[in-house]
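All remarks here apply to the structure that follows.
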Amino acid sequence: ATARAIQSGMKAELVVCPADIDLFLLPVPTGHNVDARILFRHQLGDLDLMAIDPVSGKLIATSESMTDDEQILLESDKLAGAAEVILGVVGYQGASNQYEISVVTGDDSTVCVEDGVSPNHEPSAAVSIIEGVLNDLRLCPARPDWYRIDLNGGETIEWIVAEDNL
């Protein structure tokens, strides 16, 4: 299949046919992240989303849940300076379904790639921290992160927050 051009900010309503793959070629400016999403009703056919390096053909990322919708967030440093990315939409085990694809590229202020403990944006979703170090966390604009620490009587805690982009 030939990849169709898609631009940041575009949305399109499409259908993936049985045992087929829809491919999209997305230009990615240097230093930009990518937020690619497909919206669909899982019960009508399970779809998966993938990102592929167009030069090497190597799979960069996939989103293969068993629920409605799929999303891939790619950080610019993981794209290794790629000027383009191929996005692929495929039906799981040959499934067919209607979907909407939405793609946005931008720097960290517009496309913030969450850390591995997200979603923890509400007190009820606070992540428990046990003794040790929790590294590589990311705080996105307008999305607070919540954490929970259990202490016993007489215990103390030392909390160090450091920004790595100084």
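In this structure, S128 and R148 approach most closely via the heavy-atom pair OG-NH2, 3.0 Å. For the residue pair E64 and E70, the shortest heavy atom distance occurs at N-OE1, 3.4 Å. The heavy-atom pair separating Q71 from D35 by the smallest distance is NE2-OD1, 2.9 Å. Closest heavy-atom contact between S96 and C17: OG-CA, 3.9 Å.
Separating the CG atom in L25 from the CD atom in Q7 is a distance of 9.0 Å, to the nearest 0.5 Å. The CD1 atom of I72 sits 6.5 Å away from atom OG1 of T62, with the distance rounded to the nearest 0.5 Å. How far CG of L73 is from CG of N33: 8.5 Å, rounded to the nearest 0.5 Å. Here R4 contributes atom CZ and L23 contributes atom CG; the two are 9.0 Å apart, rounded to the nearest 0.5 Å. One distance of note links CG of L26 with CD1 of I6; it measures 7.0 Å at 0.5 Å rounding. Distance check: S65 OG to L47 CG gives 10.0 Å after rounding to the nearest 0.5 Å.
Looking at E13 and Q98, their side chains never come closer than 4.5 Å, going by heavy atoms from C-beta outward. No side-chain heavy atom of T67 sits less than 4.5 Å from a side-chain heavy atom of H42. With a 4.5 Å cut-off on side-chain heavy atoms, T105 and P29 count as touching.
There is no path of hydrophobic side-chain contacts, each under 4.5 Å, that joins Y99 to Y92. Residues M50 and F24 fall into different hydrophobic clusters, defined by Ile, Leu, Val, Met, Phe, Trp and Tyr side chains chained together at heavy-atom separations under 4.5 Å. Under a hydrophobic-cluster definition in which Ile, Leu, Val, Met, Phe, Trp and Tyr are linked whenever side-chain heavy atoms come within less than 4.5 Å, directly or via other members, I86 and V103 are assigned to different clusters. By the criterion of side-chain heavy atoms lying less than 4.5 angstrom apart, applied directly or through intervening Ile, Leu, Val, Met, Phe, Trp or Tyr residues, V90 is not grouped with I38; the two fall into different hydrophobic clusters. Hydrophobic clustering keeps V16 apart from I52 (ILVMFWY residues linked when any side-chain heavy atoms are closer than 4.5 Å, directly or through intermediates).
N97 contributes no side-chain N or O that, together with a main-chain N or O of G91, makes up a donor-acceptor pair within less than 3.5 Å. When atom types are taken as modelled, the side chain of D69 and the backbone of F40 share a donor-acceptor pair closer than 3.5 angstrom. Side-chain atoms of N120 come within 3.5 Å of backbone N or O of W146 as a donor-acceptor pair. With hydrogens and angles disregarded, no donor-acceptor distance shorter than 3.5 Å links the side chain of H121 to the backbone of D145.
Residue E122 places its CD atom among 12 or fewer non-hydrogen atoms of other residues, nucleotides or ligands, all under 6.0 Å distant.
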